[in-house]
Every structure is written in C-alpha cells, then in structure tokens.
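Notes to accompany the following structure.
Lettering of chains follows the sequences in order, A, B, ..., and the numbering in each one begins at 1. Computed from a prediction, not measured in an experiment: that's the story for all the values here.
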Protein chains: 2
Amino acid sequence: MLSSTVENYLKELFLLNPDGETQVATGELAKALSVTPGSATSMIKTLAQAGLVEHRPHYGVKLTNEGRTLAVHVVRRHRIVELFLVNILGMDWSEVHDEAEQLEHVVSDQVISKMDDLLGHPTHDPHGDPIPTPEGTLPVRSLQPLSFCKLGDTVSIARIGNQNTSFLKFAEDNGLLLGATIKVANKNEVADSITIISKGEEVVLGLAAAGRIEVEFA
Amino acid sequence: MLSSTVENYLKELFLLNPDGETQVATGELAKALSVTPGSATSMIKTLAQAGLVEHRPHYGVKLTNEGRTLAVHVVRRHRIVELFLVNILGMDWSEVHDEAEQLEHVVSDQVISKMDDLLGHPTHDPHGDPIPTPEGTLPVRSLQPLSFCKLGDTVSIARIGNQNTSFLKFAEDNGLLLGATIKVANKNEVADSITIISKGEEVVLGLAAAGRIEVEFA
DNA sequence: ACAATCCTTTTGATTAATCAAAAGTTTAAT
DNA sequence: ATTAAACTTTTGATTAATCAAAAGGATTGT
Ligand SMILES: [Mn+2]
Ligand SMILES: [Mn+2]
Ligand SMILES: [Mn+2]
Ligand SMILES: [Mn+2]
C-alpha cells in the first residue's frame with residue numbers, strides 16, 4: 001500500500017510532466033507540494049529505490065512506467081471524486097479540489113467504479129480535466145489558452161487550469177463556465193489584458209489569468 | 001487537526017464504553033485497535049496530555065467530555081458514510097465497514113451534511129447502529145440480544161452488532177436483514193444454540209452469534 | 001579561468017506511531 | 001504472607017516524513 005504522501009508525489013510528478021518527456025526539477029516538485037527541496041530529494045531517492053521514478057541527480061526526476069501507472073490512477077480517483085461531489089452531492093466546483101485531495105487516497109477501486117457508473121462514465125471532471133480510464137488512458141483534446149485568442153475569436157470554454165477557490169468563484173460569477181461561448185472583444189498585449197464578452201457582459205482578464213482558461217473553437 | 005490514529009483511538013474508546021460509566025482497560029483498547037498494549041499506553045498518555053481522556057494508571061481510561069464529543073463526531077461520519085455507500089452507491093452492507101473506517105477521517109463536515117440531506121436525515125446506519133446528530137445526541141432504542149429470546153418469541157431484527165464481512169454475508173443469505181420478522185423455534189442452552197424461522201426457513205445459530213443480533217418485539 | 005549565483009543534496013534533528021522485550025503493579029490463589 | 005498469573009507500563013529501537021542549515025554541483029557572466 002502506498003502512503004498518501006507517496007501518492008501525492010507521484011501525482012504531482014505526473015501533473016508537472018504528463019507526457020514524461022521533460023525532467024522535473026527537484027525544486028519545482030518541492031514547490032508544488034509545499035515541502036522543502038531537501039524533503040523532495042529525500043523522497044525522490046525513496047521513490048527511485050522503489051522503481052517508481054528515475055532520478056538523475058542535479059538534473060531532475062521522471063516517472064517510470066510503473067510510477068506513471070500509479071500516478072494516473074490517483075488522478076482518476078481525484079477527478080471522479082470531484083465530479084461526484086459536484087454532480088451528485090451538489091457541491092460547488094470551487095470547493096471540491098481540496099476535498100478530492102484527501103479522498104483520492106482512501107476511496108477504493110470499488111467505490112470509484114460505483115461512482116463512475118452513477119455518473120455515466122464521464123470523460124472530464126468539473127474543471128474540464130480529462131478522467132483517465134481504469135486502464136490508464138487519457139482522452140486527448142486540442143485546446144488553446146484563451147490568452148492566445150485573437151480579437152473577434154468566438155470560442156467555448158473547455159478547461160480551467162487553476163484549482164484556486166477564489167479564481168473558480170470569480171470565473172463562475174462571470175459566466176465563465178465549461179461550455180460557455182465567449183467572444184474576444186479586445187486584446188492589449190502591452191496592457192497585458194484581454195476583454196471578452198460573456199453572457200453579453202464585458203469581462204477583463206490579465207493575460208496570465210486568461211492563460212489558465214483553455215478554449216476550443218466552437 | 002486530529003490524526004486518523006487519534007480519531008480511531010477516541011472512537012474505539014467510545015464504542016467500548018458509550019455511556020462513559022466504566023473504565024476501559026489498556027489491553028482491551030489495544031486489542032480492539034490491533035496494536036500492542038505498549039502502543040496503547042503510549043497513546044493514552046498523549047490523549048490524556050491533550051485533555052481528551054482521563055487515565056488512571058493500571059486501572060483504565062475514559063473519555064473526557066471533550067474527547068467524547070470528538071469521538072461521537074467520528075462515529076457520525078462513519079455511519080453516514082456507511083449508509084451512503086449502501087443507499088446511494090449500491091454497495092453491500094457487508095462491504096462498507098472497512099471503507100467507512102478510512103473515509104471517516106477525511107470527509108469534511110460539508111460532505112457529511114450533503115450526504116445527510118441526500119439520505120433524508122437518517123437515524124440509523126445499515127447495521128442498525130444509531131447515527132449521532134450534528135450536535136452529538138444519539139437516538140436510543142431498547143433492544144435485546146436474540147440470544148435472550150425465549151421459545152416462541154416473535155421479534156424483528158433491529159441491529160447487527162458484528163461488522164465482520166462474512167458474518168454479514170451469512171446473515172443476508174439467511175434473510176436476517178434489518179426489519180425482518182423472525183420467530184424462535186428452538187433454544188437449547190446446553191447445546192449453546194438457537195433456531196429461528198426466517199422467511200419460512202429454519203436457521204440455527206450459536207448463542208454467541210445470536211448475541212450479536214439485536215431485536216425488538218414487533 | 002573564476003567567481004557569483006542558484007540549485008540540489010547531505011547532514012543532523014525532530015515528531016508521530018509503532019513494536020519487542022524488560023520491568024513493574026495488581027489481583028487472585030495457595 | 002507468599003507466590004503466581006495476568007496485565008500495564010517503561011525502555012530502547014525503528015520507520016516515515018519532515019525541516020533548517022551546511023555542503024556540494026552546475027551555470028553564467030566577466
Ligand atoms: Mn492528495
Ligand atoms: Mn479538477
Ligand atoms: Mn477509522
Ligand atoms: Mn455500521
């Protein structure tokens with residue numbers, strides 16, 4: 001049995017490097033998990049010992065196939081739990097991330113399977129993130145950040161890549177929900193801002209924030 | 001934040017001594033939690049330090065009011081989760097105890113409250129155990145063990161005081177479900193057995209097993 | 001080539017939880 | 001009153017996870 005801590009490290013390595021192409025820096029991992037770099041180094045060594053990651057000291061770390069498989073299952077549990085909390089228990093999409101962060105480590109495969117049935121085998125979580133299948137494959141979509149859109153583009157919102165509660169509340173308050181159609185009304189690289197029309201209202205966003213909203217052409 | 005370990009100790013102390021009248025022996029607690037007596041002693045000292053239990057060395061341990069309140073909340077979470085797993089997710093009553101044993105430590109009050117709403121504010125869990133209110137009060141029923149029944153008694157099953165998976169499966173297979181009406185067809189103190197009619201079929205139980213089935217007169 | 005800087009790793013300590021086995025207490029039996 | 005049995009507590013060690021701070025690599029600018 002993997003500890004919650006180990007599962008969190010594996011999951012974070014996957015999220016920071018989903019394709020397993022790059023190497024994740026120790027400091028980057030440490031920051032994502034809110035631990036000191038020394039703690040991360042120490043855990044990386046443990047995981048390498050267990051064959052779950054490959055570590056090139058001073059260069060970085062990467063999941064092995066075995067580690068990746070385990071990580072993807074944690075992600076599956078996280079996302080199914082999130083969708084369950086929203087769709088079945090009626091919680092707000094801005095609240096469920098922290099709950100799922102804990103639940104992902106204790107819900108059994110059987111519970112996940114029952115939730116999956118009840119939800120009708122969903123492909124995406126409340127934030128638009130793909131839900132891996134039980135076999136570990138991920139649906140792929142080609143999305144682009146809202147910040148890349150050009151003036152006049154009409155797109156629909158497909159993913160919010162920021163789990164922060166207040167960001168999600170802000171998005172909700174301004175009609176920036178999954179599937180919502182929006183139009184780019186202004187874009188000013190110098191002012192670092194983009195203006196969109198959502199539900200007939202103008203909403204102004206910094207480009208950094210807009211970069212965390214992913215869209216597809218409708 | 002209390003650790004899962006601390007919550008398990010508090011909960012077990014409550015279950016072993018719900019009325020807070022007797023003292024729980026260190027060894028009894030240790031056995032219930034599957035730890036060595038030394039581990040229990042050590043944790044008891046920690047809990048006493050935190051004001052959650054009162055410890056009389058070599059005599060026993062008892063929850064304080066504060067400890068009891070925390071324990072009852074763990075019990076509430078456990079039982080709501082169990083009922084949720086059965087009624088909403090469709091799991092078997094024989095499987096949910098172990099799941100709930102983990103989930104009770106991570107589900108938030110908000111999740112519990114949503115489950116409670118969805119379940120219609122139930123008063124008892126799938127095994128007939130009372131669900132404490134959010135304020136910590138417990139519904140009381142006066143039940144008696146099936147082993148105390150006399151020949152000819154007709155009673156209905158109100159609680160199964162044994163969470164063991166195979167016991168619960170056996171009970172289910174023999175129609176010994178909550179609310180089922182049964183009749184005592186034979187009782188032999190010497191042979192240590194009792195025979196009941198359940199769904200027209202005879203079922204023979206040892207008196208120890210029958211002692212874990214609690215009934216009320218219909 | 002040589003610092004300065006920025007990371008990463010190592011070292012040494014700490015905390016929570018546990019166990020095995022030794023030591024101590026209580027109780028019950030002779 | 002002793003002794004034995006049963007239980008509890010203490011002691012000493014271990015494991016997982018963490019941190020602060022020291023030490024060690026790598027990179028970049030001069
Ligand atoms: Mn987590
Ligand atoms: Mn999500
Ligand atoms: Mn538990
Ligand atoms: Mn129960």
Side-chain angles (χ1 to χ4, degrees), chain A residues 1-17 22-63 66-67 70-71 74 98 101-102 104-106, chain B residues 1-17 22-63 66-67 70-71 74 98 101-102 104-106:
Chain A
M1 243 292 107
L2 302 178
S3 67
S4 295
T5 305
V6 165
E7 289 189 340
N8 281 334
Y9 274 88
L10 294 176
K11 186 186 66 167
E12 206 59 51
L13 280 168
F14 171 78
L15 295 175
L16 291 171
N17 185 20
T22 56
Q23 300 259 112
V24 175
T26 301
E28 191 185 358
L29 179 60
K31 186 166 228 177
L33 291 166
S34 304
V35 296
T36 61
S39 297
T41 299
S42 151
M43 177 57 80
I44 286 166
K45 288 167 86 173
T46 304
L47 297 176
Q49 197 64 44
L52 302 177
V53 303
E54 204 183 309
H55 185 207
R56 293 188 50 216
H58 287 105
Y59 286 91
V61 62
K62 201 164 82 160
L63 291 168
E66 189 185 350
L70 292 168
V74 179
D98 294 343
E101 200 56 54
Q102 305 306 314
E104 65 188 0
H105 309 296
V106 301
Chain B
M1 245 289 110
L2 301 178
S3 68
S4 296
T5 306
V6 165
E7 289 190 340
N8 281 334
Y9 273 88
L10 294 176
K11 186 186 65 166
E12 206 59 50
L13 281 167
F14 172 78
L15 296 175
L16 291 171
N17 185 19
T22 57
Q23 301 258 112
V24 176
T26 302
E28 192 185 357
L29 179 60
K31 187 165 227 177
L33 290 166
S34 304
V35 296
T36 62
S39 297
T41 298
S42 149
M43 178 58 80
I44 286 166
K45 288 167 84 174
T46 304
L47 298 177
Q49 198 63 44
L52 302 177
V53 304
E54 204 182 308
H55 185 207
R56 292 188 48 218
H58 286 106
Y59 286 90
V61 64
K62 200 164 82 162
L63 291 168
E66 189 185 350
L70 292 168
V74 180
D98 294 343
E101 200 56 55
Q102 305 307 313
E104 66 189 359
H105 309 295
V106 301

Note: A:G60 and A:H55 closest approach over all heavy atoms is O-CD2, 3.3 Å
Taking all non-hydrogen atoms of both residues, which atom of A:V35 and which atom of A:A40 are closest, and how far apart? CG2-N, 4.3 Å
Using only side-chain N and O atoms of [X], determine if any of them is under 4.0 Å from OP1 or OP2 of [N].
| X | N | answer |
| --- | --- | --- |
| A:S39 | D:dA17 | no |
| B:H58 | D:dA6 | no |
| B:Y9 | C:dT18 | yes |
| A:H55 | C:dT9 | yes |
| A:S42 | C:dT9 | no |

Reference residue B:Y9; test side-chain contact (heavy atoms from CB on, under 4.5 Å); the match among B:L63, B:L29, B:V61: B:L29
Whole-Å gap separating [atom2] ([N]) and [atom1] ([X]):
| X | N | atom1 | atom2 | result |
| --- | --- | --- | --- | --- |
| B:E28 | D:dT8 | CD | C1' | 14 Å |
| B:L29 | C:dT18 | CG | P | 11 Å |
| A:M43 | C:dT10 | CE | P | 15 Å |
| A:L47 | D:dA17 | CG | C1' | 12 Å |
| B:L33 | C:dA16 | CG | C1' | 16 Å |
| B:R56 | D:dT8 | CZ | C1' | 14 Å |
| A:K31 | D:dT18 | NZ | P | 18 Å |
| B:L2 | C:dA16 | CG | P | 13 Å |

Any sub-3.5 Å donor-acceptor pair from A:T41's side-chain atoms to A:P37's backbone N or O? yes
Should the heavy atoms of other residues, nucleotides or ligands under 6.0 Å from CD of B:E101 be counted, would the total exceed 12? yes
Just so I know, are the side chains of B:Q23 and B:N17 near enough to count as touching, which here means a heavy-atom distance under 4.5 Å? no
Give one of base, sugar-phosphate or nothing for [X], where a contact means two heavy atoms less than 4.0 Å apart.
| X | result |
| --- | --- |
| A:T5 | sugar-phosphate |
| A:T46 | nothing |
| A:A25 | sugar-phosphate |
| A:T26 | sugar-phosphate |
| B:G38 | base |

In terms of the nearest nucleotide of DNA chain D, which residue is placed more toward the 5' end: A:Y59 or B:P57? B:P57
Can you identify which nucleotide, out of D:dA17, C:dT18, D:dT9, has its nearest atom closest to the B:P37 side chain? D:dT9
B:T36, nearest nucleotide to its side chain (from D:dT9, C:dC19, C:dA17): C:dC19
